2 protein chains.
Amino acid sequence: MQPTSKAEETSRKILDAALDLFREAGFENATMRDIAAKAGVATGAAYYYYASKDAIVMAFYERAWEELQPAVETAVSQARGLEAKLTAAIRVKLEYFAPNREVLRALVRAGADPKHPLSPFSPDTTAIRQGDIAWFARILEDGGIRIPADLAAHLPGALWFFQMGVIFFWITDESTRQARTTRLLHLSAKIVTSLLRLAGLPLTRSMRKPIVELIGVVKGA
Amino acid sequence: MQPTSKAEETSRKILDAALDLFREAGFENATMRDIAAKAGVATGAAYYYYASKDAIVMAFYERAWEELQPAVETAVSQARGLEAKLTAAIRVKLEYFAPNREVLRALVRAGADPKHPLSPFSPDTTAIRQGDIAWFARILEDGGIRIPADLAAHLPGALWFFQMGVIFFWITDESTRQARTTRLLHLSAKIVTSLLRLAGLPLTRSMRKPIVELIGVVKGA
DNA sequence: GTCTATATCGGGATAGAC
DNA sequence: GTCTATCCCGATATAGAC
């Protein structure tokens with residue numbers, strides 16, 4: 001194994017110390033001083049590697065996304081049918097982030113400010129967002145439900161939005177082991193799937209135009 | 001007019017100064033020291049009336065809700081049909097809060113933490129939330145669409161949730177005069193109305209159970 | 001009860017020495 | 001690259017004026 005440069009090692013040490021502290025003491029209670037102390041460096045050194053506490057969250061977010069890819073691949077491949085694939089893909093993420101719900105909460109809070117770099121909607125997180133949307137595109141392709149052409153292009157983005165909703169619910173869910181979120185995920189995946197099935201019927205033709213437009217408004221700046 | 005006590009006047013002065021500063025300098029940039037200075041009182045006095053910066057936001061929220069009631073009443077009474085009433089009720093709120101979008105943003109951010117007193121979902125804001133839900137119940141009654149019995153009880157809460165979604169979009173909407181939100185509101189109100197019309201048809205009977213359950217999960221502790 | 005003035009603390013962030 | 005010293009701000013506390 002190639003010896004990691006001292007810089008890489010230090011930044012890694014700081015990130016690990018931060019995540020430990022977030023888990024032990026909570027995100028808000030973990031101060032930069034504590035994090036630096038735990039990592040064995042001075043406060044200024046921590047700021048040398050991470051411009052802010054939020055930047056640590058961002059680093060965690062990016063690392064997490066990379067680490068998650070194989071598990072998502074497995075979940076999406078093995079589950080049968082759109083409903084199951086959708087549930088599995090989101091489930092995998094919730095399980096991964098379970099020990100760090102508080103950190104994810106910081107991300108979601110940032111979502112209220114579109115200019116905040118940590119916002120899931122911001123330009124800084126585009127790569128991760130696009131990667132996620134690509135998964136939903138794949139799920140729709142393999143899900144075995146015929147999607148009307150006018151909707152097809154926009155649906156992956158809409159499902160990503162759906163995922164954000166589930167994640168928001170999850171970080172605010174105080175039930176034991178987030179049991180409510182488990183039920184919410186199953187029920188809402190069932191409903192989404194049913195709605196997609198309905199979408200092909202003539203009955204819903206009058207709704208299709210506003211829905212396509214709505215998705216356009218949400219996505220298009 | 002009864003002379004307001006000095007205390008009322010001072011607390012009002014502080015609240016007004018805070019709102020001015022939020023508008024001028026942004027919510028984050030406005031410090032308690034600045035607010036107190038602008039109100040012409042000492043920092044300690046500001047804390048005497050408002051335990052925290054958040055408490056000022058809460059006071060604003062409560063005052064706003066009271067001031068909004070007549071306008072909502074007018075909007076709901078005058079608009080014809082469910083779609084129009086729904087749009088009008090939400091529109092009125094957005095217009096009222098337009099000069100203070102940043103303050104509302106603080107409220108929405110708090111929503112990511114269920115225990116935060118400012119959260120729209122918290123016990124501290126129950127009165128306001130219930131008041132809003134009552135408006136949506138009224139809108140459903142007067143809207144002229146027959147609602148299946150199993151759904152009826154839960155729908156006002158679901159519409160309140162819908163409103164929260166619109167507000168979230170609005171606070172993150174940077175388009176000129178929030179034009180995107182205007183389109184979003186119209187389109188989504190149309191879709192919601194169409195869905196409610198569909199809800200009475202036999203076709204959707206299989207979806208009704210999971211939907212009712214889903215609403216139960218979201219509302220139920 | 002309604003304030004002023006001031007001191008103090010904790011924590012995020014930064015500047016500049018080394 | 002790393003550390004020390006420092007700044008700013010939210011928040012708390014306190015002593016005392018009126």
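These figures come from a predicted structure and were not determined experimentally. What's counted below: heavy atoms across the whole structure, side chains too, no hydrogens, waters or symmetry copies.
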Selected nucleotide, minimal atom distance to B:A7 side chain, candidates D:dC3, C:dT2, D:dG10: C:dT2
Output a table of donor-acceptor pairs, distance under 3.5 Å, between side-chain atoms of residues 151-169 of chain B and any protein atom two or more places apart or on a different chain; print 'none' if there are none.
{"from": "B:Q163", "atom 1": "OE1", "to": "B:K93", "atom 2": "NZ", "distance (Å)": "2.5"}
{"from": "B:Q163", "atom 1": "NE2", "to": "B:D132", "atom 2": "OD2", "distance (Å)": "3.3"}

field: Phosphate OP1/OP2 of C:dT2 contacted by B:K6 side-chain N/O (<4.0 Å)
entry: no
- request: Please report, rounded to the nearest Å, how far the C1' atom of D:dG1 is from the OH atom of A:Y50.
  value: 15 Å
field: Between C1' of C:dG11 and NZ of A:K53, the distance in whole Å
entry: 8 Å
message: With a sphere of 6.0 Å drawn around CD of A:E66, does it hold more than 12 non-hydrogen atoms of other residues, nucleotides or ligands?
response: no
message: Side chains of B:R183 and B:S175 only: does a donor on one sit below 3.5 Å from an acceptor on the other?
response: no
query: Does B:T31 put a side-chain nitrogen or oxygen below 4.0 Å from OP1 or OP2 of D:dC9?
result: no
- line: Between CD of B:E8 and P of C:dT2 the distance, given in whole Å, is 10 Å
- prompt: For the base of C:dG10, is there a side-chain donor-acceptor partner from A:R33 under 3.5 Å away?
  reply: no
task: Quick one: sort the A:F60 and A:F97 rings into parallel, tilted or perpendicular, breaks at 30° and 60°.
output: perpendicular
Euclidean distance, atom CD of residue A:E28 to atom P of D:dG10 [Å, nearest integer]: 15 Å
- line: Ordered by number, residues from residues 10-20 of chain A within less than 4.0 Å of DNA chain D (heavy atoms) are A:T10
message: Looking at B:K85 and B:V76, would you say the former's side chain and the latter's main chain have a donor-acceptor pair under 3.5 Å?
response: yes
- line: Contacts of B:G44 and B:D34 projected onto DNA chain D by closest heavy atom; the upstream (5') one is B:D34
message: From CE of B:M32 over to C1' of D:dT12, roughly how many Å is that when rounded to an integer?
response: 12 Å
query: At under 4.0 Å, does any side-chain N or O of B:Y47 touch on OP1 or OP2 of D:dA11?
result: yes
query: Is the closest basic N to carboxylate O distance between A:R129 and A:D124 below 4.0 Å?
result: no
field: Sugar-phosphate only, base, or nothing, as touched by B:A46 at under 4.0 Å among non-hydrogen atoms
entry: nothing
query: How long is the line joining CD1 of A:I35 and C1' of C:dA13, in whole Å?
result: 13 Å
message: Both conditions, 6.0 Å and 45 degrees, for the charged tip of B:K53 above the ring of B:F27: are they met here?
response: yes
- request: Give one of base, sugar-phosphate or nothing for A:S52, where a contact means two heavy atoms less than 4.0 Å apart.
  value: sugar-phosphate
message: Heavy atoms only, 4.0 Å cut-off, all strands: where does B:A55 land among base, sugar-phosphate and nothing?
response: nothing
query: Which residue, A:N29 or B:Y48, contacts DNA chain C at a nucleotide closer to its 5' end, judged by nearest heavy atom?
result: B:Y48
